[in-house]
Participant: 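Just passing along the structure, written as structure tokens.
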There are 2 protein chains.
Amino acid sequence: MSVPPRYRAKSRVDVSGEESRAKAVAVATELFALTGFKGTSVAAVAARTGLSQSGLLHHFPSKAALLTAVLEERDRQDGDFLAGSAGPPLGWAAFDALAALVARNSTRPHLVGLFVRLAAEATEPAHPAHAWVHEHYSGLRRWLTEAVHSGQEQGEIAEDAPVDSLARMTIAVIDGLQQQWLLHPDAMSMTAEFEAFAATVRARWAR
Amino acid sequence: MSVPPRYRAKSRVDVSGEESRAKAVAVATELFALTGFKGTSVAAVAARTGLSQSGLLHHFPSKAALLTAVLEERDRQDGDFLAGSAGPPLGWAAFDALAALVARNSTRPHLVGLFVRLAAEATEPAHPAHAWVHEHYSGLRRWLTEAVHSGQEQGEIAEDAPVDSLARMTIAVIDGLQQQWLLHPDAMSMTAEFEAFAATVRARWAR
DNA sequence: GTATACCGACCGACCACACGGTCGGTGCTT
DNA sequence: AAGCACCGACCGTGTGGTCGGTCGGTATAC
């Protein structure tokens with residue numbers, strides 16, 4: 001009773017595999033950014049990649065694995081941007097580095113969308129990206145607190161500056177600005193807004 | 001060939017309808033907050049309400065209608081909290097009002113969760129809450145800008161304060177803090193963090 | 001006071017579809 | 001001959017939503 005499988009399209013070209021994988025990750029990044037992880041179907045990613053669903057699942061055993069790949073890729077791209085080649089920035093330089101990051105993100109709306117969506121979705125402990133988001137935040141906070149702290153030691157930042165609060169609110173500003181920017185990209189400049197914030201903080205706590 | 005429908009359970013009590021509706025809205029608020037709109041099924045809401053799915057859909061014609069009801073309820077509860085009975089607060093008082101709001105939100109994690117999830121999900125223009133989120137933000141921004149502006153006229157806030165940026169970054173801080181707080185509710189106090197921010201801003205731009 | 005008509009609350013069965021994932025293949029390349 | 005890239009068919013499950021119906025209560029007609 002089994003129907004013989006149909007022939008494939010003649011024009012079919014099996015690509016290098018590495019390429020397909022990379023394209024799938026790029027497509028998934030974009031779709032996860034637009035409609036979230038839950039809101040994106042494997043089939044949709046496959047279609048835009050130019051594969052069948054099974055073809056995509058050949059490269060990534062599950063949807064969660066695809067998400068992992070996306071996150072790893074983001075880490076790889078962003079990874080050393082803040083750490084920089086000359087060691088972690090100290091004191092106010094950290095805020096400049098953050099401003100540069102914000103400026104860079106203004107160029108890459110999918111990555112911003114991806115992160116905002118994911119951060120919200122992954123509040124749920126069972127979400128496959130929960131641990132990742134968690135680490136992302138605590139890593140960022142640690143980095144910033146250390147920078148501010150050593151800024152104090154160098155006498156660049158006031159001794160009585162509330163280090164932890166400064167770190168938390170700075171991260172909060174970045175997140176919140178991203179949210180507003182995604183809603184209305186043309187109506188504002190994330191970079192300018194962040195710099196206004198940084199200037200305020202600086203004026204208040206410079207030694 | 002049709003099977004006769006079974007009798008209902010004897011213990012069944014048709015409640016006032018108004019009650020069922022209200023309970024459903026409360027349950028939906030909580031579930032949408034925990035798992036997002038997309039991540040919550042109508043059946044799950046129905047079950048926790050003590051209704052069948054059809055029973056729930058009897059009160060709300062669609063899932064989107066349920067969401068609308070949830071948002072309207074939130075607006076109703078929060079609505080005049082900021083506007084206050086004595087007209088909109090002016091100048092720095094606006095920041096006190098916001099601090100009070102943040103303190104109040106620390107008590108109601110579902111509402112915070114609901115909003116954070118929804119704000120992220122509804123970035124997508126096709127989302128049923130897109131317009132709502134949009135209005136929510138622009139309303140809040142208008143309110144804050146006006147408050148700061150009139151603070152300037154009263155000579156309480158420096159003339160050269162960047163009004164728009166101030167509004168945007170303040171809203172951003174609140175959103176960002178909510179995000180961090182949802183991820184780690186016990187590790188921080190939203191209120192304290194927001195007050196630290198407000199103090200910084202005040203110190204910088206008080207006239 | 002009883003029969004009748006109607007209404008709102010609610011339910012079980014069902015539907016079409018989309019989902020993530022499996023399985024057994026085919027065909028190209030080496 | 002082996003291995004890789006890939007596909008079509010299929011499956012179980014969950015989804016939002018529809019449909020026809022039951023039930024208790026209340027207003028009205030007689």
Side-chain angles (χ1 to χ4, degrees), chain A residues 1-25 27-28 31-32 35-70 121 126-129, chain B residues 1-25 27-28 31-32 35-70 121 126-129:
Chain A
M1 273 305 230
S2 68
V3 177
R6 303 206 191 106
Y7 291 104
R8 291 196 205 176
K10 300 178 198 171
S11 62
R12 163 141 187 281
V13 187
D14 281 8
V15 192
S16 82
E18 212 52 60
E19 269 175 51
S20 291
R21 238 192 94 97
K23 181 161 190 191
V25 169
V27 168
L31 289 188
F32 288 166
T35 45
F37 177 69
K38 281 180 186 169
T40 303
S41 70
V42 179
V45 177
R48 292 223 204 175
T49 309
L51 291 179
S52 71
Q53 178 172 337
S54 341
L56 178 62
L57 259 352
H58 165 72
H59 294 287
F60 306 91
S62 74
K63 193 190 182 187
L66 178 56
L67 175 60
T68 302
V70 166
E121 266 187 28
H127 194 282
Chain B
M1 275 303 231
S2 67
V3 177
R6 303 207 189 105
Y7 290 104
R8 288 198 207 175
K10 301 177 195 172
S11 63
R12 157 130 197 288
V13 187
D14 281 8
V15 191
S16 82
E18 213 51 61
E19 269 174 52
S20 292
R21 238 192 94 98
K23 180 161 190 192
V25 168
V27 168
L31 289 188
F32 289 166
T35 45
F37 176 69
K38 282 180 184 168
T40 302
S41 71
V42 179
V45 177
R48 292 223 203 175
T49 308
L51 292 179
S52 70
Q53 178 171 337
S54 342
L56 178 62
L57 258 352
H58 166 72
H59 294 288
F60 306 91
S62 73
K63 195 190 180 185
L66 178 56
L67 175 59
T68 301
V70 166
E121 268 188 25
H127 194 282

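Because the structure is predicted, anything quoted here is derived from the model rather than measured. Here is the naming used below: chain letters follow the sequence lines, and residue numbers restart at 1 for every chain.
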Participant: Could you tell me which non-hydrogen atom of B:T49 sits nearest to which non-hydrogen atom of B:S20, and how far apart they are?
Facilitator: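 Minimum heavy-atom separation between B:T49 and B:S20: CG2-O, 4.0 Å.
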Participant: Judged by each residue's nearest nucleotide on DNA chain C, which is more toward the 5′ side, A:S41 or A:P61?
Facilitator: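 It is A:S41 whose nearest nucleotide is closer to the 5' end.
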Participant: Within this structure, what is the CG-to-P distance between B:L66 and D:dT15, rounded to whole angstrom?
Facilitator: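 It is 15 Å, rounded to the nearest whole Å.
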Participant: State which of C:dA9, D:dG16, D:dC6 makes the closest approach to the side chain of B:H59.
Facilitator: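 Among the listed nucleotides, the one closest to the side chain of B:H59 is C:dA9.
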Participant: Taking OP1 and OP2 of C:dC10, is either one under 4.0 Å from a side-chain nitrogen or oxygen of B:S20?
Facilitator: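 Yes, such a contact exists.
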Participant: Report the nucleotide, chosen from C:dG21, D:dT15, D:dG17, that has the shortest atom-to-atom distance to any side-chain atom of A:L57.
Facilitator: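 Of the candidates, C:dG21 comes closest.
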Participant: Would you be so kind as to tabulate the donor-acceptor pairs closer than 3.5 Å made by side chains of residues 36-48 of chain B, with sequence neighbours excluded?
Facilitator:
{"residue": "B:K38", "atom": "NZ", "partner": "A:T35", "partner atom": "O", "Å": "3.3"}
{"residue": "B:K38", "atom": "NZ", "partner": "B:E124", "partner atom": "OE1", "Å": "3.0"}
{"residue": "B:T40", "atom": "OG1", "partner": "B:L31", "partner atom": "O", "Å": "3.2"}
{"residue": "B:T40", "atom": "OG1", "partner": "B:T35", "partner atom": "OG1", "Å": "2.7"}
{"residue": "B:T40", "atom": "OG1", "partner": "B:G36", "partner atom": "O", "Å": "2.6"}
{"residue": "B:S41", "atom": "OG", "partner": "B:A44", "partner atom": "N", "Å": "3.1"}

Participant: My understanding is that only residues two or more places apart in sequence, or in another chain, count here; which of them pass side-chain contact (heavy atoms from CB on, under 4.5 Å) with A:S54?
Facilitator: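 Counting only residues at least two positions away or on another chain, A:S54 forms a side-chain contact (heavy atoms from CB on, under 4.5 Å) with A:S52.
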Participant: Calculate the interatomic distance between B:K38 atom NZ and C:dG20 atom P; express it in whole Å.
Facilitator: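 Computing the B:K38:NZ to C:dG20:P distance gives 12 Å.
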Participant: When the C1' atoms of the five terminal pairs at each end define the local axes, what inter-axis angle does the helix from C:dG1-D:dC30 to C:dT30-D:dA1 show, to 10 degrees?
Facilitator: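 One end's axis against the other's: 10°.
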Participant: Quickly work out the A:F37 CZ to C:dC19 P distance and round it to whole Å.
Facilitator: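 Result: 13 Å.
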Participant: Rounded to the Å, how far apart are A:K23 NZ and D:dA5 P?
Facilitator: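 Those two atoms, NZ and P, are 17 Å apart.
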Participant: Residues two or more places apart in sequence or in another chain: which of them pass side chain to side chain donor-acceptor pair (under 3.5 Å) with A:K63?
Facilitator: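 So A:K63 forms no side chain to side chain donor-acceptor pair (under 3.5 Å) with any residue.
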Participant: So if I take residues 44-56 of chain B and measure heavy-atom distances to DNA chain D, which residues fall below 4.0 Å?
Facilitator: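 Of all residues in residues 44-56 of chain B, the ones placing a heavy atom under 4.0 Å from DNA chain D are B:Q53, B:S54.
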Participant: Between B:H59 and B:G55, which heavy-atom pair has the shortest distance, and what is it?
Facilitator: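 Reported closest heavy-atom pair: CD2-O, 3.4 Å.
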Participant: For the NZ atom of A:K23 and the CG atom of A:L51, what is their distance to the nearest 0.5 Å?
Facilitator: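 Between atom NZ of A:K23 and atom CG of A:L51 there are 8.5 Å.
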Participant: Using only side-chain N and O atoms of B:H58, determine if any of them is under 4.0 Å from OP1 or OP2 of C:dA9.
Facilitator: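 Answer is yes, contact under 4.0 Å.
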Participant: What distance separates A:L57 CG from A:L66 CG, expressed to the nearest 0.5 Å?
Facilitator: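 If I round to the nearest 0.5 Å, the distance is 9.0 Å.
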Participant: State which residues pass side-chain contact (heavy atoms from CB on, under 4.5 Å) with B:A69; sequence neighbours excluded, sorted by chain then number.
Facilitator: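 Residues passing side-chain contact (heavy atoms from CB on, under 4.5 Å) with B:A69: B:R21, B:V25, B:F60.
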